[in-house]
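Encoded as structure tokens, the structure appears first; notes follow it.
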There are 2 protein chains.
Amino acid sequence: MSLRHAVLGLLSEEGSASGYDLMKLFDVSLANVWPATQSQLYSELGKLAEAGLIDVSAEGPRGRKEYTITEKGRAELRRWLTEVEPTRVVRSDMLLRVFFLGRLSPEEAKAYLSTQAQLARKQLEHLESIRGVVEGGSGNLSTYGRLVLEYGHRLARSQQEWAEWAEKQIG
Amino acid sequence: MSLRHAVLGLLSEEGSASGYDLMKLFDVSLANVWPATQSQLYSELGKLAEAGLIDVSAEGPRGRKEYTITEKGRAELRRWLTEVEPTRVVRSDMLLRVFFLGRLSPEEAKAYLSTQAQLARKQLEHLESIRGVVEGGSGNLSTYGRLVLEYGHRLARSQQEWAEWAEKQIG
DNA sequence: ATAGTCATGTAATGAGTTACATGATTGC
DNA sequence: GCAATCATGTAACTCATTACATGACTAT
């Protein structure tokens, strides 16, 4: 149910936008915490319009439809932000594998954890590299996006440290 | 595609088990990193048997079917552990909301983060409380489960610290 | 003209959730 | 006898992924 709110949120920040615009915005912001595909996005826009949470406010060339959030949509966004508590569902096939490392030799198990540590380091570097870029933004999305970026940073560091620690626990 | 491997993994550790057995095992171990419902589990067992990755090795009272992993299944588990790289797809509606905190008043935004910090603290306490229980286990699942538990612990602590930090960032 | 980008959609399939349905066996 | 637990399954629905399909406009 969250893609729906992601779209409402973006529209509430942007004023109005087409599916195409939203898709690009998605890719550089929300995709990191809530991936979605193009086809999912378009069908969600259809459903939101049907439900009266957004309106087609203008049509442009190439069948472009510009959507705007309605009052009803704004209310729903607010309700979601303040009243619906986040579901903490974590799915990690990286951790799932850890449960079964006993099926491998200690060397193989260590190699697995070592790879994970390395990937976390890479991720850390990557996040540091985009930190500078995001620093420049000034809207709400950038301001709060920085908080999310910091979260990612801390997460990657934890992950790296954990993987290094875990490797030492074996054998 | 991971539930399939979760089941194979459990069966490879347990020797043999019924859907019902696996379900209970799931709830106390893997459910934290890969939740699954009863109906999902049963239908996955059907598909695995069909694909020849597991066999019905015995039938008991109440229609109980005991499954055992086959050589083919073991090979597939090993392949997944050593060759398939974990997909790092993170979905967090908790973080998704952060992007849109600008739609709320600073007080409301702070309240949101403060609640998240508190939830992380609770989670941390919870994990500490079960640490003693898990300490006792001796099989592979327990041994490696402890590594996963430690991960959860570190994650919860990071989350708590981040939420407290983020709260301070808001004017 | 033609490459690049803008722009929207459909179809098929798989994964996940919720609710329902049914009944046998065991322990007290 | 009855409650608890064991035990398996189906149906309907939503969400997510991948691939396909189509075409208009813009800048050079």
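Per chain, numbering begins at 1; letters A, B, ... match sequence-line order. Excluded from the calculations below are hydrogen atoms, water molecules and symmetry mates; all remaining heavy atoms, backbone and side chain alike, are included. Bear in mind the structure is a predicted one, so any value in this text is a computation, not a measurement.
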Could you tabulate the donor-acceptor pairs under 3.5 Å formed by side-chain atoms of residues 90-102 of chain A, not counting sequence neighbours?
| residue | atom | partner | partner atom | Å |
| --- | --- | --- | --- | --- |
| A:Arg91 | NH2 | B:Pro35 | O | 2.7 |
| A:Ser92 | OG | A:Met94 | N | 3.4 |
| A:Ser92 | OG | A:Leu95 | N | 3.0 |
| A:Asp93 | OD1 | B:Thr87 | N | 3.4 |
| A:Asp93 | OD2 | A:Arg97 | NH1 | 3.1 |
| A:Asp93 | OD2 | B:Thr87 | N | 3.4 |
| A:Arg97 | NE | B:Trp80 | O | 3.2 |
| A:Arg97 | NH1 | A:Asp93 | O | 3.1 |
| A:Arg97 | NH2 | B:Val84 | O | 3.0 |

Audit row: A:Gln160, A:Gln123, side-chain contact (heavy atoms from CB on, under 4.5 Å) steps and yes/no: CA-CA 9 Å; A:Gln160 187 209 320; A:Gln123 173 73 355; over 6 Å; no
Under 4.0 Å, counting only non-hydrogen atoms across every strand here, what does A:Arg4 touch: a base, just sugar-phosphate, or nothing?
nothing
So the salt bridge (charged side-chain N to carboxylate O under 4.0 Å, His left out) pairs with at least one residue in residues 16-33 of chain B (sequence neighbours excluded) are B:Asp21-B:Arg64
**OP:** Please tell me if the side chains of B:Leu149 and B:Ile130 come closer than 4.5 Å, counting only heavy atoms from C-beta onward.
**Re:** yes
Numerically ordered, the residues 32-51 of chain A set in heavy-atom contact under 4.0 Å with DNA chain C is A:Gln38, A:Ser39, A:Tyr42
By ring-ring contact (aromatic ring centres under 6.0 Å, His included), A:Trp34 pairs with (sequence neighbours left out) none
Contacts satisfying salt bridge (charged side-chain N to carboxylate O under 4.0 Å, His left out) that involve residues 138-159 of chain A (not counting sequence neighbours) are A:Arg131-A:Glu150, A:Glu150-A:Arg154
Residues passing the salt bridge (Lys or Arg N to Asp or Glu O under 4.0 Å) test with B:Arg121, sequence neighbours excluded, are B:Glu164
Within residues 5-31 of chain A, those residues having any heavy atom closer than 4.0 Å to DNA chain D are none
Residues in residues 57-68 of chain B with a heavy atom under 4.0 Å of DNA chain D, by number, are B:Arg62, B:Gly63, B:Arg64, B:Lys65
Is it the case that A:Thr68 and A:Ser57 place a side-chain donor and acceptor less than 3.5 Å from each other? yes
Is the number of heavy atoms from other residues, nucleotides or ligands under 6.0 Å of A:Glu108 CD greater than 12?
-> yes
Residue pairs meeting salt bridge (charged side-chain N to carboxylate O under 4.0 Å, His left out), one or both in residues 2-12 of chain A, sequence neighbours left out, come to A:Arg4-A:Glu44
Residues 128-156 of chain A vs ring-ring contact (aromatic ring centres under 6.0 Å, His included), sequence neighbours excluded, gives A:Tyr151-B:Trp162
So the ring-ring contact (aromatic ring centres under 6.0 Å, His included) pairs with at least one residue in residues 42-66 of chain A (sequence neighbours excluded) are none
Min and max contacting nt of DNA chain D in 5' to 3' order, chain A heavy atoms within under 4.0 angstrom, are D:dC15 to D:dC25
